[in-house]
Amino acid sequence: MIPPGTVMTYGQIAAMAGNPLASRAVGYALRAIPAGMELPWHRVVNSKGEISSRRTVQGDYDRSLQRVLLESEGIVFSDTGIMDLKKYQVFKEHPAL
DNA sequence: TCGGTGACGAGAA
DNA sequence: ATTCTCGCCACCG
């Protein structure tokens with residue numbers, strides 16, 4: 001439900017799901033997304049506004065794809081790979097947040 | 001049951 | 001601002 005051009009953090013999603021301490025489980029869930037499932041996984045960033053790294057089969061890290069997808073929705077990243085959370089985060093009025 | 005790991009997060013130094 | 005530590009949940013050997 002995260003609209004294009006906006007983002008949520010792992011912690012916020014965990015909070016809305018009922019447990020603000022389960023942020024790691026959110027990351028685990030994203031990792032387990034089946035191919036073909038419609039789900040805006042790229043709109044989830046960490047609490048600092050950066051793209052969380054994951055290992056590829058090669059062993060190196062890949063954040064480029066997620067960044068490209070977000071930039072294509074109008075989100076701007078600093079040269080250090082950080083985006084302004086305050087500016088792009090949604091559902092600010094949700095009770096759990 | 002235990003211990004290690006990970007697309008996390010908050011607080012301490 | 002950076003780095004480290006610890007607590008969290010779920011999964012796996």
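The sequence lines fix the lettering, A, B, ..., with proteins before strands; numbering per chain opens at 1. Quick note: numbers below take in every heavy atom, side chains included, and nothing from hydrogens, waters or symmetry partners.
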_Please give the distance between the C1' atoms of B:dA7 and C:dG13 as a whole number of Å._
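That atom pair is separated by 22 Å.
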*If you measure from the P atom in C:dT5 to the same atom in B:dG4, how many Å do you get, rounded?*
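The same atom, P, in both gives a distance of 16 Å.
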*Upstream residue (5' side of DNA chain B) when A:T9 and A:Y28 are each assigned their closest nucleotide*: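 By nearest-heavy-atom nucleotide position, the 5'-most residue is A:Y28.
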Using whole Å, report how far [atom1] of [X] lies from [atom2] of [N].
X     : N      : atom1 : atom2 : answer
A:N46 : B:dG9  : CG    : C1'   : 9 Å
A:E50 : C:dT2  : CD    : P     : 10 Å
A:Y10 : C:dG7  : OH    : C1'   : 19 Å
A:W41 : B:dA7  : CH2   : P     : 13 Å
A:Q12 : B:dA10 : CD    : C1'   : 15 Å
A:I51 : B:dG6  : CD1   : P     : 20 Å
A:L39 : B:dA7  : CG    : C1'   : 13 Å
A:I33 : C:dC11 : CD1   : C1'   : 17 Å

_How about NZ on A:K86, more than 12 heavy atoms from neighbouring residues, nucleotides or ligands closer than 6.0 Å, or not?_
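No.
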*asked:* Looking at A:Y88 and A:V76, would you say the former's side chain and the latter's main chain have a donor-acceptor pair under 3.5 Å?
replied: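 It does hold such a pair.
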*When all nucleic acid strands are considered with a 4.0 Å heavy-atom cut-off, which category describes A:S23: base, sugar-phosphate, or nothing?*
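Base, at least one base atom sits under 4.0 Å.
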Please pick, from [options], the nucleotide with the shortest atom-to-atom distance to any side-chain atom of [X].
X     : options              : answer
A:R31 : B:dG6, B:dG9, C:dC8  : B:dG6
A:R24 : C:dA10, B:dA7, C:dC8 : C:dC8
A:S47 : B:dA10, C:dC8, B:dA7 : B:dA10

*asked:* For a quick check under 3.5 Å, do A:H94 and A:Q12 share a side-chain donor-acceptor pair by atom type?
replied: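 No, A:Q12 and A:H94 have no side-chain donor paired with an acceptor closer than 3.5 Å.
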*Which heavy atom of A:I51 sits nearest a heavy atom of A:Q66, and at what distance?*
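Taking A:I51 first and A:Q66 second, the nearest heavy atoms are CG2-OE1, 3.0 Å.
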*Do you know which of A:L85, A:V45, A:V44, A:V90 makes side chain to side chain contact (heavy atoms under 4.5 Å, CB included) with A:M8?*
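Of the listed residues A:L85, A:V45, A:V44, A:V90, the side chain to side chain contact (heavy atoms under 4.5 Å, CB included) partner of A:M8 is A:V90.
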*Between A:K48 and A:A22, which has a closest nucleotide on DNA chain C that is more 5'?*
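The answer here is A:K48.
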